[in-house]
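Comments concern the structure below.
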Amino acid sequence: PSANIGDRICIFEAVHGTAPDIAGKGIANPTALLLSGIAMLNHLGLTESAANIENSLLYTLESGVHTGDFGDRATASLNTSGFAQAIIENFGKKPTQGAKVGAPNNPISIAESNLKENVMMLSKSQEPETIVGIDFFVESTEQPNVLAEKAKTIATDKIKLVNISNRGTQVWPTGSVYTNLTNIYGVRFESESALSQDEINNLIANASNVIKVISVESLLKLGENKAYSLAQGQ
């Protein structure tokens with residue numbers, strides 16, 4: 001079972017994923033989903049109801065009732081609906097071990113959120129934000145040194161080619177010939193001082209005439225801290 005708790009939305013779900021091979025066969029084990037529902041009831045303040053259902057589940061399991069994926073193979077297993085029906089029939093019963101005691105139900109008031117627009121989540125950091133470079137994601141089957149020579153032609157006195165990576169690993173100016181390549185490279189340009197949007201746009205325009213650019217990403221600094229990761233080996 002799992003719970004994802006947000007400010008306005010909560011999701012309770014089983015984390016085991018789907019099982020398409022048994023879909024529609026009615027043989028799935030519903031325990032994790034039931035426990036997720038019990039967690040939801042507790043979250044909503046329905047603690048007594050949650051305890052009653054969980055005690056019934058625990059009693060059922062303690063009695064040896066099981067679906068086909070677990071339990072004593074010497075006893076017959078139940079399908080999904082049969083397992084659920086056994087739990088229903090055991091309402092009011094408690095296991096000999098681990099019985100749950102729930103406080104009386106006290107439903108919490110769920111505040112309705114009639115949002116009129118999307119909530120903008122902003123960083124609380126007050127550090128100044130500057131653009132100091134750009135990553136070009138380039139489609140090419142050329143070797144790194146060949147691609148580097150092309151990329152150098154669009155560099156300026158201010159904006160330098162500093163790194164070429166492939167699959168997150170640096171392959172230029174240094175790298176290993178044993179690094180297997182794909183046809184997608186990361187070509188990184190950086191500047192020691194802040195760049196204007198016009199300078200970034202000009203570099204993108206010049207790059208499109210030399211290399212096949214499929215995506216671009218600005219490199220930011222927050223104050224003196226880089227807000228982007230380095231390639232392995234950079």
- Message: Do F70 and L61 make a side-chain contact, defined as non-hydrogen atoms from C-beta onward lying under 4.5 Å apart?
- Response: yes

- Quick check: does any side chain N or O of S191 sit under 3.5 Å from a backbone N or O of A194, one acting as donor and the other as acceptor? no

- Query: Which salt bridge (Lys or Arg N to Asp or Glu O under 4.0 Å) pairs, counting each pair once, include a residue from residues 79-94, with sequence neighbours left out?
  - Reply: none

- Pairs where residues 172-186 contributes a residue and the test salt bridge (Lys or Arg N to Asp or Glu O under 4.0 Å) is met, not counting sequence neighbours: none

- Item | Partners passing salt bridge (charged side-chain N to carboxylate O under 4.0 Å, His left out) against E224 (at least two apart in sequence or in another chain) | K221

- Query: What pairs of residues pass the salt bridge (Lys or Arg N to Asp or Glu O under 4.0 Å) test when at least one of them lies in residues 181-192, not counting sequence neighbours?
  - Reply: D135-R188

- Of I164, N166, V210, the one forming a side chain to side chain contact (heavy atoms under 4.5 Å, CB included) with L147 is I164

- Item | Residues, nucleotides or ligands: over 12 heavy atoms within 6.0 Å of I9 CD1 | no

- Message: Which residues pass the side chain to side chain donor-acceptor pair (under 3.5 Å) test with S229, not counting sequence neighbours?
- Response: none

- Message: Can you list everything that forms a side chain to side chain donor-acceptor pair (under 3.5 Å) with N202? Sequence neighbours excluded, please.
- Response: none

- Please test F136 against F189 for ring-ring contact (aromatic ring centres under 6.0 Å, His included), starting from the C-alpha separation and ending with a verdict. CA-CA 8 Å; F136 290 99; F189 289 83; 5.7 Å; yes

- Query: Do the side chain of T80 and the main chain of G26 share a donor and acceptor less than 3.5 angstrom apart?
  - Reply: yes

- Message: For D157, is the CG atom crowded, meaning more than 12 foreign heavy atoms sit under 6.0 Å from it?
- Response: no

- Query: Going from CG on L57 to CD on E54, what distance comes out if it is rounded to the nearest 0.5 angstrom?
  - Reply: 7.0 Å

- Task: Apply side chain to side chain contact (heavy atoms under 4.5 Å, CB included) to N201 and list each qualifying residue two or more places apart in sequence or on a separate chain.
- Result: Q197, D198

- What pairs with E13 under salt bridge (charged side-chain N to carboxylate O under 4.0 Å, His left out), at least two apart in sequence or on another chain? none

- Message: With a 6.0 Å cut-off (strictly less than), is the heavy-atom count around CD of E127, excluding the residue itself, greater than 12?
- Response: yes

- Message: Closer than 3.5 angstrom, by distance alone: can the side chain of N105 be matched with the main-chain N or O of T47 as a donor-acceptor pair?
- Response: yes

- Task: For T75, check side chain to side chain donor-acceptor pair (under 3.5 Å) against everything at least two apart and list the hits.
- Result: H66

- Check: S208 main-chain N/O paired with K212 side-chain donor or acceptor under 3.5 Å: no

- Query: Between S56 and I87, is there a donor-acceptor pair closer than 3.5 Å when you use the side chain of the first and the backbone of the second?
  - Reply: yes

- Output all residues satisfying salt bridge (charged side-chain N to carboxylate O under 4.0 Å, His left out) with E62, sequence neighbours left out; order by chain, then residue number. none

- Give a yes or no answer on whether the side chain of T67 reaches the backbone of N79 with a donor-acceptor pair at less than 3.5 Å. no

- Message: Test your reading of the model: is there a side-chain donor-acceptor pair from T156 to the backbone of K158, 3.5 Å cut-off?
- Response: yes

- Task: Over 60° means perpendicular and under 30° means parallel, so classify the ring planes of H43 and F12, tilted if in between.
- Result: tilted

- Message: How close do S196 and E199 get, counting heavy atoms only, and between which atoms?
- Response: N-OE1, 2.8 Å

- Task: Could I get the full list of salt bridge (charged side-chain N to carboxylate O under 4.0 Å, His left out) partners for K152, not counting sequence neighbours?
- Result: E149

- Task: Only pairs at least two apart or in different chains count here, so list each salt bridge (Lys or Arg N to Asp or Glu O under 4.0 Å) that has a residue in residues 65-84.
- Result: none

